[in-house]
Amino acid sequence: MESHEHHSMNIDGHAQHATVQSESVEEIEMRSWKRKLIWAWVFSIPIAFLMLSERLFGMSLLPEEFMIPALLILAFPVVFIVGWSTIRGGMRGFYTFYFSMDSLIALGTVVAYLTGFFSYFGFVADYSGVSAMIMAIFITGKYIEAKAKGRASQEIKKLLELGAKKALVLRGKKEVEIDITDVQIGDIIIVKPGEKIPTDGVVVRGESAVDESMVTGESLPSEKSKGNNVIGATINQDGILYVKVTKIGKDTFLAHIIKLVEEAQGTKVPIQKLADKITSIFVPLIIVVALISFANWWIFTGEISRALGVGIAVLVIACPCSLGLAVPISLMVGSGMGAKAGILIRKGEAIQTMKEVKIIVFDKTGTITKGKPEVTDIYSIAKESYLLEISATLEKLSEHPIARAIVAKADLKSYKKVTNFSILRGRGLEGKIGTKKILIGNRTLMAENRVDIKKLDERLQSFESVGKTTMIVVENKKVLGFIAVADAVKDDSITAINKLKMEGYRTVMLTGDNERTALAIAKQVGLSEVIANVLPEDKAKKVEELQKEGFVAFVGDGVNDAPALKQANVGIAMGSGTDIAIEAGDLVLAKSSLTGVVQAIHLSRATFRKIKQNLFWAFAYNVVAIPLAIGGVLQPIVAEIAMALSSITVVMNANLLRKTRI
Amino acid sequence: MKKIKLTISGMHCGSCAGNIERSVSKVSGVKSVSVRMMTNTGIVECEDSVSDEDLKKAVAKAGYKVMKAEKE
């Protein structure tokens, strides 16, 4: 217990720190940009007036001899005090060789400022006012960008804030309010109507509807009563629930989701590689280009002032920021949107691969169907209760959903001893009760054991053709009868599959069931292709075969389907309730519905489209703007405005992703 | 081997993250480093012998500041 406590303290403390801290870094930076912004313009506005009056009206607000000193004095605080961190950071690049955006701005502004002094010697025009304007616009751009970046991460921040801080715990007969970090596994917590469920657990008393939309994206509230699992951070609506705590701290559903989302943001989208390569050499390259432009203009026009203007314009117009931001900011908005809808993007790569996917393969049980089979019919040659009894005795030892259905149906008080028991994966079970050898399983198992089922065949077929799974029961090689089990199709499977088909995807169902049962289910939901009789271990192989015909996305429940999820080009793992298949999928759904698959596919495509758009704009901007600056078409101030706008555009465009309906 | 999460301030573009990754990966004992500009964090996998101070210095060398270093 002690280790648990330590665990929870540690992890929860950690999670809270993370919240406070990531906010504080951003907040500190926001505040500092804002302060810089104000002070930069306090000095830059008078500078703008001084410069404009001369240029526009041909008359000066100040006598000629005061003009340059005034600009130098006003510009100094903007460039060297307000812009100090930029200047220092940027200049450092020149002796450590870690160049960044700041290096370009620092070089541009410092050179421009120094012209003010050189102008006394008469060989160059004064750009000192320009240096302040560049810095002020740069800071303004950064401020707007920082704000938009904050907006891009809003969904993820909301996730972090979702967790409850306090819990009402039953101690003896008393209700005590304690800190969430002090809650331990096994505690009984009381959740009143309208309150947040503090952590993951199982209901031991009470009934209520719980709104789980914040973590699963499922809009309908889910009914909870004794025995149901509840998720921390979801909201209890109308009844009082007594919940036994099963997970705390880092093991909770919410903590898993947050971790997934955070990790995904560190992954790269392959398309980013080129942009990353360019940004890494971009700054030194631009410095060289600026120097060459300066030299060329000086040599060919003989006007050093003009040449300096061009050099500065080249330095400040180049924008590695927009290139560097294009992908991560789009991914951030996309993954945030996904998290809100219960879709977790685990690997940025999946977003890019999704575009190529042609074939979507679905696992049947638990994916298309509810995964909760029920016994619907029993056909018995011997006594029905006896057939059910021996079946349940064996099935009790298996964890398979069908086994559970049979055990539930029989509802035995006590179980006889079973010897020589073994699970025959994908086929059934065998074992001995006393001296009787029992076999329960499908046609394959019967064929293997040379059990003649000809007499049953017609009857079996009639059940199979309506989508029921049949388990034949055999005692000492003698057929006793069979049990038919049906697993209902999920409500939204039909619409979801229809949508995917309309979008041109080839849809395939993969199942261990016999062909007739599988075809019946496929027909119900409108799937065109079925691959039946697939042993669990062969699912990945079947996916591999399909991959010869095109990129495959596999949708499965992650627990049994991990190899197939990994084999597929995109693995979409479906979670159900609190069990979330984290390791296997590239995309993970917190809700167990096929509508989520459609949404996940739409979100991936929309996010990737946004990434491409942003990369295109960022590249296009630099490709067009830099040559214009080299050609001397753009004034340094105009160049700086263009630069600021380009990175703001990228960030804002990423935020526009939210307008897409998924 | 240990995993350290750094909270870094001062990053504002892609080349910043690249600079930090380059600088930190040069610290001996560092196996991998991944810096996320968007979340102001960096994840460093390194030998136990690498101190937080070493990492802070490497980040500072690239021109940024470590606000906090914590074990994952």
Side-chain angles (χ1 to χ4, degrees), chain A residues 10 14 17-18 21-22 24-26 28-29 32-33 85-86 88-93 96-104 142 145-146 149 152-153 156 261-263 265-268 272 275-283 319-329 331-333 618 647, chain B residues 1-46 48 50-72:
Chain A
N10 205 351
H14 167 83
H17 277 311
Q21 212 177 52
S22 71
S24 73
V25 171
E26 267 164 41
I28 292 167
E29 287 189 349
S32 103
W33 281 120
S85 65
T86 305
R88 193 190 51 189
M91 285 306 179
R92 190 201 298 268
T96 58
F97 293 99
Y98 288 115
F99 293 106
S100 74
M101 176 81 212
D102 288 349
S103 312
L104 298 177
K142 283 291 152 202
E145 203 182 296
K149 255 163 80 178
S153 58
I156 288 146
V261 174
E262 278 184 344
E263 277 178 358
Q265 263 145 26
T267 66
K268 302 239 169 186
Q272 192 176 352
D276 279 352
K277 229 176 229 155
I278 292 175
T279 33
S280 69
I281 55 158
F282 193 81
V283 175
C319 188
C321 279
S322 53
L323 272 176
L325 274 172
V327 178
I329 194 128
L331 187 57
M332 178 154 230
V333 176
S647 53
Chain B
M1 283 295 271
K2 60 179 178 179
K3 220 175 176 183
I4 293 189
K5 183 178 171 187
L6 303 172
T7 307
I8 302 163
S9 79
M11 279 191 276
H12 50 66
C13 69
S15 47
C16 301
N19 279 343
I20 297 173
E21 284 182 359
R22 209 144 52 87
S23 178
V24 173
S25 63
K26 279 184 194 152
V27 175
S28 76
V30 169
K31 288 275 172 278
S32 80
V33 49
S34 147
V35 177
R36 309 159 195 179
M37 172 208 29
M38 294 299 303
T39 49
N40 296 317
T41 53
I43 303 287
V44 184
E45 268 187 305
C46 57
D48 293 325
V50 178
S51 74
D52 289 357
E53 239 10 81
D54 297 337
L55 298 177
K56 276 182 194 169
K57 260 187 220 148
V59 172
K61 195 177 163 210
Y64 309 89
K65 197 176 160 203
V66 172
M67 304 287 280
K68 186 163 187 180
E70 51 197 332
K71 236 180 174 164
E72 277 271 276

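From a predicted model like this one, the values you see are computed outputs, not experimental measurements. Chain identifiers are assigned alphabetically (A, B, ...) following the order of the sequence lines, protein sequences preceding nucleic acid strands; residue numbering begins at 1 within each chain.
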Open item on the list: Heavy-atom cut-off 4.5 Å, strictly under: side chain, backbone, both or neither for B:S9 against chain A?
Closed with: both
Task: More than 12 heavy atoms from other groups under 6.0 Å of NZ on B:K31 - done: yes
TODO: Tabulate, in ascending numerical order, the residues of residues 54-62 of chain B having at least one heavy atom closer than 4.5 Å to a heavy atom of chain A, or enter 'none'.
DONE: B:A60, B:K61, B:A62
Open item on the list: Rounded at 0.5 Å granularity, tell me how far CZ in B:R36 sits from CG in A:L331.
Closed with: 11.0 Å
Open item on the list: If I measure from the heavy atoms of chain A, does B:I20 come under 4.5 Å with its side chain, its backbone, both, or neither?
Closed with: neither
Open item on the list: Less than 4.5 Å to any heavy atom of chain B: does that hold for the side chain of A:F282, its backbone, both, or neither?
Closed with: neither
Task: Atom of A:K149, atom of B:M11 and distance for their closest heavy-atom approach - done: NZ-O, 4.2 Å
Open item on the list: More than 12 heavy atoms of other residues, nucleotides or ligands under 6.0 Å from NZ of B:K26: yes or no?
Closed with: yes
Task: Per-residue contact mode, B:S23 against chain A (heavy atom under 4.5 angstrom) - done: both
